[in-house]
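Worksheet: the structure to be examined is printed underneath.
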Number of protein chains: 2
Amino acid sequence: MTRIKVSNAPSVRRLPSYLHIIRASRSSGDFYISGTVIAQELNLEPIQVRKDLAITGIVGKPKKGYPVEALIVAIERYLGWDKPTNAVVMGAGNLGSALMGYPEFHQNGLRIVAAFDENPDKIGKTIHGVPVHPVAELERLLPGLEARTAILTVPSDHAQICADRLVKAGINAMWNFTNQKLKLPPEVVAQREDLSSGFAMLSVMAQLRDGRNA
Amino acid sequence: MTRIKVSNAPSVRRLPSYLHIIRASRSSGDFYISGTVIAQELNLEPIQVRKDLAITGIVGKPKKGYPVEALIVAIERYLGWDKPTNAVVMGAGNLGSALMGYPEFHQNGLRIVAAFDENPDKIGKTIHGVPVHPVAELERLLPGLEARTAILTVPSDHAQICADRLVKAGINAMWNFTNQKLKLPPEVVAQREDLSSGFAMLSVMAQLRDGRNA
DNA sequence: TAGATTGTTAATCGATTAACAATC
DNA sequence: TAGATTGTTAATCGATTAACAATC
């Protein structure tokens with residue numbers, strides 16, 4: 001089996017922003033929204049928005065734009081956000097706790113159903129409504145949770161061991177917030193979230209502006 | 001003035017990962033590291049690593065690789081991580097607190113020197129060693145903090161107002177964790193961090209694997 | 001020396017942007 | 001109707017990958 005490759009990754013990455021705007025438009029009672037308007041809000045090129053929206057299969061009406069309701073449904077469906085995804089958080093530290101409390105996720109169909117941690121102070125409590133269990137219980141509890149997605153917020157040096165264990169327990173999708181590149185079997189999909197890379201971009205932009213490096 | 005555009009953004013985004021590995025190599029006592037090795041660790045193509053490292057100006061030795069110490073210095077310098085960046089966190093909620101406690105940042109020259117929040121329960125306390133001040137004190141305290149970078153972790157509906165205020169107070173670089181696209185004067189650089197887009201990628205990969213959409 | 005690894009130049013690939021006829 | 005906006009086809013741009021001579 002070969003590593004999964006998303007054909008149009010940049011478009012997929014932009015879809016959530018579109019969805020956010022289009023939902024707001026629906027809340028305002030609009031029935032149509034034009035690519036031009038979406039582009040303005042995100043300052044993108046209108047043609048880029050049209051190209052991106054084309055992958056959802058929704059066709060717009062000249063002069064009016066795209067049908068709001070149908071577009072929302074189509075984007076949600078394209079992203080697989082039309083059906084709930086149960087997930088567990090590994091490591092109920094700062095970042096893990098923050099993610100459990102991140103309200104936006106509910107709109108994306110992401111339901112964090114449990115957290116696992118080693119810290120006895122946290123075990124048995126709930127964080128933002130999510131129960132924290134001992135890591136030792138992972139294998140026993142996971143089947144009942146019906147979660148096949150894990151959010152990895154353990155310390156980096158635990159990441160690989162933790163991932164191996166998750167895979168054995170039945171996890172097949174991993175959202176990795178550690179700075180460790182994970183070795184995983186090919187059927188497990190993984191997305192690494194690297195905060196440092198965003199800060200690198202900000203730093204380089206600031207330097208360009210200030211004339212360092214030129 | 002025109003919006004700042006980073007010429008080779010994908011390369012810049014990869015540099016922090018390289019830096020991480022090369023630092024580990026230094027800790028192991030290595031004097032040289034080859035692009036091949038770095039590529040293997042991140043599973044990238046060796047040629048891509050070489051191209052990326054070329055932008056730092058460091059030249060490698062055939063058969064040995066790149067000089068570890070010089071490479072670290074050059075990457076840090078290229079990213080502007082050789083001199084400390086003082087930053088303030090706006091909104092000491094879950095995510096803001098998590099970022100204050102994120103140890104990796106120190107290695108990137110990022111020093112979070114203060115947080116600002118409206119919540120009286122938080123004001124006057126410290127979170128991960130960072131003092132939390134009332135937002136009302138922002139303008140008074142900012143000059144003394146010598147921070148021109150802000151990390152925005154306020155609720156999305158406060159984002160624009162908060163950003164405007166920060167800019168007026170002297171902030172010129174904004175790391176934006178809200179899902180709000182900000183309107184900013186051209187001299188202020190901004191990096192938006194969108195957690196949803198990472199989850200969109202994971203969702204689409206999972207669907208491709210499972211054969212939905214095909 | 002032999003061969004692993006480099007830097008450079010060229011080829012390929014994919015994403016963005018431009019142009020424009022179709023149309024509501 | 002007039003014109004804003006669409007979808008499509010082609011052009012451009014930039015990033016990745018390939019090829020390979022140079023070299024430690």
Separation of atom NZ in A:K51 from atom C1' in D:dC13, rounded to whole Å: 14 Å
Nearest-angstrom distance from the residue atom OH of B:Y66 to C1' of C:dT5: 8 Å
Nucleotide D:dT6, atom C1' - distance to NZ of A:K64 in whole Å: 14 Å
Sugar-phosphate only, base, or nothing, as touched by B:K63 at under 4.0 Å among non-hydrogen atoms: base
Name each donor-acceptor pair under 3.5 Å that joins a side chain in residues 55-64 of chain A to protein atoms two or more places apart or in another chain, with its distance.
residue: A:T56; atom: OG1; partner: A:L53; partner atom: O; Å: 2.6
residue: A:T56; atom: OG1; partner: A:I58; partner atom: N; Å: 3.3

Value in whole Å for how far the C1' atom of D:dA15 lies from NZ of A:K5: 11 Å
Comparing A:N8 and A:K61 on DNA chain C - which has the more 5′ nearest nucleotide: A:N8
Check: B:D117 side chain, B:A92 main-chain N or O, donor-acceptor pair, under 3.5 Å: yes
OP1 or OP2 of C:dC20 under 4.0 Å from side-chain N/O of A:R50: no
Upstream residue (5' side of DNA chain C) when B:S34 and A:P10 are each assigned their closest nucleotide: B:S34
SB check B:R26 B:E69 (cutoff 4.0 Å): yes
Short side-chain N/O contact from A:Y32 to OP1 or OP2 of D:dT6, under 4.0 Å: no
Between D:dA11 (P) and A:Q48 (CD): distance, integer Å: 20 Å
Sugar-phosphate, base or nothing in reach of A:L44, heavy atoms under 4.0 Å: nothing
Euclidean distance, atom CD1 of residue B:I47 to atom P of C:dT9 [Å, nearest integer]: 12 Å
Side chains of B:N108 and B:E104, donor plus acceptor under 3.5 Å: no
B:R192-B:N176 side chain donor-acceptor pair, cut-off 3.5 Å: no
Pair pattern of DNA chain C in dot-bracket, where unpaired bases get dots and | marks partners in another strand, Watson-Crick or G-U under 3.5 angstrom: ..||||||||||||||||||||||
Distance in angstrom units between B:I55 CD1 and C:dG7 C1', rounded: 15 Å
Heavy-atom donor-acceptor pair, B:D30 side chain to B:Y32 backbone, under 3.5 Å: no
Main-chain N/O of A:Y18 paired with A:R23 side-chain donor or acceptor, under 3.5 Å: no
Atom-to-atom span, CG of B:L53 to P of C:dG7 - whole angstrom: 8 Å
Nucleotide of D:dT23, C:dT17, D:dT17 approaching B:E45 most closely (side-chain heavy atoms): D:dT17
